[in-house]
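Below is one structure, written out as structure tokens, with a few remarks after it.
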Amino acid sequence: GTGKTGIESTDGDLDVIGGGPGLTLLLNQGARDNHPPHLDPVAEQSVTEGAELVLEFTARDDDGDPLVLTASLHSGESVESVGAAFTDHGDGRGTLRWIPGSDQGARGGRLYEFVVRVSDGIAGDEVLVRVLVHELNRPPQLEAIAPITIGELVPLQLQLHAEDPD
């Protein structure tokens, strides 16, 4: 029979394994400490219905690991559920874009909370971004008044009609 022949070394960096006519080299990188990525905070935001909100996010990883950025509402729903969009640029940066609709604001502001997360595949970080959406206050609309002809010193009485689109 044939037995195991060759050199074996387990010095932690390079293992030489023998067995048969050739040698196998195994690079043993070992375990390293992973430093979690860090996502820069973003201040509370305020926007009016119909105005575009663009938020830029930046993440860093001391280990140089590739990063993945994602976003959702704090409730767990997708950002698309409120009409927003999130783009991971693939280089540790991400962008949230949103134009709140005419029914998404309120007087005094309606609060929306977005969570942006970064992961290096092992560890992660997240930031909570609070956005107040204010109602767009549109002016009331006065219905057109038809032309009227009257004589001098004759009292005029008009019935006016106006609507507030809000």
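Sequence positions, counted from 1, serve as the residue numbers for this chain. Only a predicted model underlies this, so the values are computations on that prediction, with no experimental measurement involved.
Contact record, Trp98 with Val131: CZ3-CG1, 4.0 Å, taken as the closest heavy-atom pair. In terms of heavy-atom proximity, Leu69 sits nearest to Gly94 at CD2-N, 3.8 Å. The shortest non-hydrogen separation linking Gln45 to Val129 is CG-CG1, 4.3 Å. Scanning all heavy atoms of the two residues, the minimum distance from Asp120 to His35 falls at OD2-O, 3.5 Å. Considering every non-hydrogen atom in both Asp61 and Asp63, the closest pair reads OD2-N, 2.9 Å. When all heavy atoms are compared, the tightest approach of Glu77 to Ser72 is O-CB, 3.4 Å.
Linking Ile, Leu, Val, Met, Phe, Trp and Tyr whenever their side-chain heavy atoms come within less than 4.5 Å puts Leu156 and Leu142 in one cluster. No chain of hydrophobic side-chain contacts below 4.5 Å, direct or via other Ile, Leu, Val, Met, Phe, Trp or Tyr residues, connects Val68 to Phe57. Under a hydrophobic clustering in which Ile, Leu, Val, Met, Phe, Trp and Tyr are joined whenever their side-chain heavy atoms come within less than 4.5 Å, directly or via other members, Leu73 and Val42 fall into the same cluster.
Val116 places none of its side-chain heavy atoms less than 4.5 Å from the side chain of Leu96. Taking 4.5 Å as the limit, some side-chain heavy atom of Val54 sits within range of a side-chain heavy atom of Thr95. Side-chain contact check for Leu158 versus Ile148: some heavy-atom pair is nearer than 4.5 Å. A heavy-atom distance below 4.5 Å is found between the side chains of Asp40 and Arg60. When side chains are defined from C-beta on, Phe86 does not count as touching Phe114, because their heavy atoms never get closer than 4.5 Å. You'll find the side chain of Val133 reaches within 4.5 Å of the side chain of Glu49, heavy atoms only.
For NE2 of His89, the number of neighbouring non-hydrogen atoms (other residues, nucleotides, ligands) closer than 6.0 Å is greater than 12.
Of the inter-residue distances, the one linking Glu143 atom CD with Glu163 atom CD reads 7.5 Å to the nearest 0.5 angstrom. Between the CG atom in Leu132 and the OG1 atom in Thr48 there is a gap of 10.5 Å [rounded to 0.5 Å]. Arg93 contributes atom CZ, which lies 12.5 Å from atom CG of Leu67 (distance to the nearest 0.5 angstrom). To the nearest 0.5 Å, atoms NE2 (His74) and CG (Leu111) are separated by 10.5 Å. Expressed to the nearest 0.5 Å, how far CD of Glu113 lies from CD of Glu44 amounts to 9.0 Å.
Checked options Ile122, Val118, Asp62; the residue passing with Pro37 is Val118 (criterion: side-chain contact (heavy atoms from CB on, under 4.5 Å)).
Of the possible donor and acceptor atoms, one in the side chain of Tyr112 sits under 3.5 Å from a partner among the backbone N and O of Gln104. Using modelled atom types, one side-chain atom of Asp125 and one backbone atom of Leu39 make a donor-acceptor pair closer than 3.5 Å.
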Let's go through Asp88 and Thr70 carefully: what are the C-alpha distance in whole Å and the side-chain angles of both, what is the deciding distance for side chain to side chain contact (heavy atoms under 4.5 Å, CB included) to 0.1 Å, and is it a yes or a no? CA-CA 7 Å; Asp88 177 1; Thr70 58; over 6 Å; no
